[in-house]
Number of protein chains: 2
Amino acid sequence: MRIVVLAGGIGGARFLRGLKAAQPEAEITVIGNTGDDIHLFGLKVCPDLDTVMYTLGGGIDEEKGWGRDDESFRVKEELAAYGVGPDWFGLGDRDVATHLVRTQMLGAGFPLSAVTEALCDRWRPGVRLLPMTDDRVETHVAIGEGGERRAIHFQEYWVRMRASVDAHAVVPVGAEQSVPAPGVLEAIAAADVILFPPSNPVVSVGTILAVPGIRDAVAAADAPVIGLSPIVGGAPVRGMADKVLAAVGVEATAAAVARHYGAKGRAAADDGPAGLLDGWLVDEVDAAAVADVEAAGIRCRAVPLMMTDLDATAAMARVALTLAGEVRA
Amino acid sequence: MRIVVLAGGIGGARFLRGLKAAQPEAEITVIGNTGDDIHLFGLKVCPDLDTVMYTLGGGIDEEKGWGRDDESFRVKEELAAYGVGPDWFGLGDRDVATHLVRTQMLGAGFPLSAVTEALCDRWRPGVRLLPMTDDRVETHVAIGEGGERRAIHFQEYWVRMRASVDAHAVVPVGAEQSVPAPGVLEAIAAADVILFPPSNPVVSVGTILAVPGIRDAVAAADAPVIGLSPIVGGAPVRGMADKVLAAVGVEATAAAVARHYGAKGRAAADDGPAGLLDGWLVDEVDAAAVADVEAAGIRCRAVPLMMTDLDATAAMARVALTLAGEVRA
């Protein structure tokens with residue numbers, strides 16, 4: 001079975017671990033968000049790609065969910081001693097090596113997709129990990145009121161400010177000019193199932209879909225498209241997705257996110273882009289949303305959606321694949 | 001008193017510490033060798049400049065004589081895990097931060113002299129540290145016999161091979177096209193004393209002198225030029241200077257090195273470049289060389305030249321300054 005997953009960072013990576021456990025024989029292609037990439041101290045940092053790579057490759061900090069296991073922060077301390085910022089990004093020593101290899105390869109002319117493949121030669125994540133694009137896309141967030149309105153890098157909003165102020169807009173800068181990385185459209189077209197893990201619908205999955213060609217390819221795919229709600233009981237399971245959902249005018253509810261993606265074969269909103277979902281999983285606490293989602297033309301099931309451990313996560317993946325089978329049948 | 005010192009790495013840095021102790025009020029300008037600079041993993045590494053900066057700034061690994069104190073090597077271990085080399089260069093985690101700051105500033109367009117000044121803002125070495133040039137100069141060493149003859153980077157010869165094979169030639173690649181960094185020629189012209197610490201006469205002091213304009217400025221300086229022999233009893237005090245001395249046809253003796261620098265006001269050899277030295281210090285064990293050196297037109301004293309501790313090193317510096325005073329008088 002060929003499965004394509006559009007993944008952000010922590011949520012996407014953890015879901016993928018469950019999916020691999022549920023379907024060890026599947027050929028899984030991960031299309032990773034690169035909109036949260038950032039250049040720090042001259043290094044090209046790809047937090048979401050690395051989170052997937054480390055998580056599936058056994059190198060993740062399990063507790064934090066990002067960064068390397070057994071990490072230290074001596075480089076970061078020394079950079080601070082030089083008075084060189086930013087100081088709010090958790091750049092670990094072991095992690096720095098990844099960024100050095102990446103930055104050096106990019107400087108030598110390799111595209112990010114080739115660099116990612118080279119890094120995965122070490123980590124052997126058991127999936128094919130593709131960046132959504134080889135082009136530079138950087139998600140910026142508009143914050144501030146009146147004359148104080150300004151756009152900042154997503155990482156600054158997310159990590160430094162912890163999304164503590166309202167986001168007025170989320171813009172994947174450069175997305176319009178970007179093209180999907182080699183293999184992305186082919187993988188979507190050849191997929192038996194396409195999954196949206198419980199990643200952030202705006203700054204993770206939404207950014208991937210903003211690369212011209214990807215949304216249309218998903219909408220046109222023969223494969224069933226099944227998503228898992230990152231919103232449980234009206235709040236994000238993890239992270240601060242509600243803040244960026246508000247910026248795009250979407251309520252932080254499981255049903256509203258499904259309607260935001262839209263039903264495959266329909267427009268996602270009046271005059272909106274092509275809808276994407278064949279099926280949607282909400283948590284049991286959101287069982288009341290099932291009818292609402294189905295009314296929008298999307299099959300929906302209420303099942304446990306907390307990725308508390310590998311078994312629970314694998315069960316979620318199995319339900320998603322079962323729903324895909326029902327759609328296909 | 002304005003003192004100019006042409007310094008390599010460990011020997012130069014330790015001597016400078018003694019000089020500062022001997023003359024705490026002096027304005028010391030250090031012209032640092034950059035011929036051993038190397039690009040590693042996309043980082044610009046300046047071993048000699050950093051050794052001076054760390055040693056005088058209190059950040060050196062005292063035992064090794066290079067690199068940071070309390071150092072760890074996790075970035076290096078991870079780079080090795082990626083299979084990315086070279087693995088023979090001791091790139092420490094704390095050290096990496098220095099190289100990141102430097103590389104980023106160079107990438108932003110600052111010349112190495114400005115970057116060095118910025119790094120010294122943190123370390124406050126108590127001297128003005130100038131790279132010999134802002135241009136790229138890299139010392140290469142010719143090794144191998146017959147068809148195997150090839151040139152390798154000095155660091156590869158020195159660190160990886162530990163100078164275990166003969167060097168046929170030592171070439172500061174790029175030196176001919178380089179110009180002295182801002183302030184270098186002015187410092188030499190304004191100096192009250194110019195010192196050659198017991199640094200490597202070929203790959204440290206020799207490389208500095210290979211930057212067009214610097215040798216002539218030293219030869220033409222009003223200030224007495226006093227050197228300290230890095231060779232004691234026919235062998236280098238530290239390092240493998242004999243290997244690279246052989247490459248330039250100079251015996252590894254205190255007297256031969258003095259003749260190699262040459263006496264100020266004379267040619268350093270038949271039709272050679274302008275001689276440089278007014279005075280030369282040899283170790284007590286080389287007392288027999290004194291007459292030989294003086295016969296070449298260079299004042300010479302035999303004194304203890306082992307930098308065993310700060311007091312011994314300060315005493316060496318004091319003798320050098322005393323000899324400068326005698327020359328001036």
Side-chain angles (χ1 to χ4, degrees), chain A residues 38-45 50 53-54 57-61 67-87 89 91-110 114-125, chain B residues 38-45 50 53-54 57-61 67-87 89 91-110 114-125:
Chain A
I38 186 166
H39 285 80
L40 290 171
F41 312 107
L43 299 173
K44 168 80 163 177
V45 181
D50 288 348
M53 187 172 76
Y54 293 159
I60 198 78
D61 182 315
R68 289 296 315 279
D69 56 322
D70 185 26
E71 188 56 293
S72 52
F73 291 88
R74 309 198 76 205
V75 174
K76 181 171 151 57
E77 287 162 17
E78 287 295 314
L79 288 167
Y82 277 113
V84 174
D87 62 359
F89 194 89
L91 194 70
D93 298 332
R94 305 182 89 184
D95 203 29
V96 161
T98 300
H99 310 320
L100 281 171
V101 174
R102 176 185 292 121
T103 306
Q104 194 178 15
M105 285 190 73
L106 289 170
F110 291 96
V115 174
T116 304
E117 193 179 342
L119 294 172
C120 286
D121 270 352
R122 170 182 175 195
W123 291 104
R124 307 201 171 279
Chain B
I38 186 166
H39 286 80
L40 291 170
F41 312 106
L43 299 173
K44 168 81 163 177
V45 181
D50 287 349
M53 188 172 75
Y54 293 159
I60 197 79
D61 181 316
R68 289 296 315 278
D69 58 323
D70 185 25
E71 187 56 291
S72 51
F73 292 88
R74 308 199 76 204
V75 174
K76 181 171 152 56
E77 287 162 18
E78 286 295 313
L79 289 167
Y82 277 112
V84 174
D87 61 358
F89 194 90
L91 193 71
D93 298 332
R94 306 182 89 182
D95 203 26
V96 161
T98 300
H99 309 320
L100 281 171
V101 174
R102 174 185 294 123
T103 306
Q104 195 178 14
M105 285 189 72
L106 289 169
F110 291 96
V115 174
T116 304
E117 191 178 345
L119 294 172
C120 285
D121 269 352
R122 171 183 174 193
W123 291 105
R124 306 201 171 278

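Here the structure is a predicted model, which is why all the values come from computation and not from measurement. Below, chain A is the first sequence line, B the second, and so on; all start at residue 1.
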Please classify the contact of B/Leu43 with chain A as side chain, backbone, both or neither, using a heavy-atom distance under 4.5 Å.
side chain
When rounded to the nearest 0.5 angstrom, what distance separates CG in B/Leu79 from CZ in B/Arg74?
13.0 Å
Let me know if B/Val84 has heavy atoms under 4.5 Å from chain A in its side chain, its backbone, both or neither.
side chain
Select one option (side chain, backbone, both, neither) describing which atoms of B/Glu77 are under 4.5 Å from chain A's heavy atoms.
neither
Main-chain N/O of B/Asp87 paired to B/Lys76 side chain as donor or acceptor, under 3.5 Å:
yes
Taking B/Arg94 for the side chain and B/Asp69 for the main chain, is one N or O donor matched with an acceptor at less than 3.5 Å?
yes
From the list A/Val96, A/Asp121, A/Asp93, A/Thr103, the residue making the most non-hydrogen contacts under 4.5 Å with chain B is A/Asp93
Please flag which part of B/Glu78 lies under 4.5 Å from any non-hydrogen atom of chain A: side chain, backbone, both or neither.
both
Output the option from A/Ala97, A/Gly42, A/Ala108 having the highest count of non-hydrogen pairs under 4.5 Å with chain B.
A/Ala97
Taking C-beta and beyond as the side chain, do A/Tyr54 and A/Asp95 meet within less than 4.5 Å on heavy atoms?
yes
Please check this pair: side chain of B/Arg68 against backbone of B/Gly59, looking for a donor-acceptor N/O pair closer than 3.5 Å.
yes
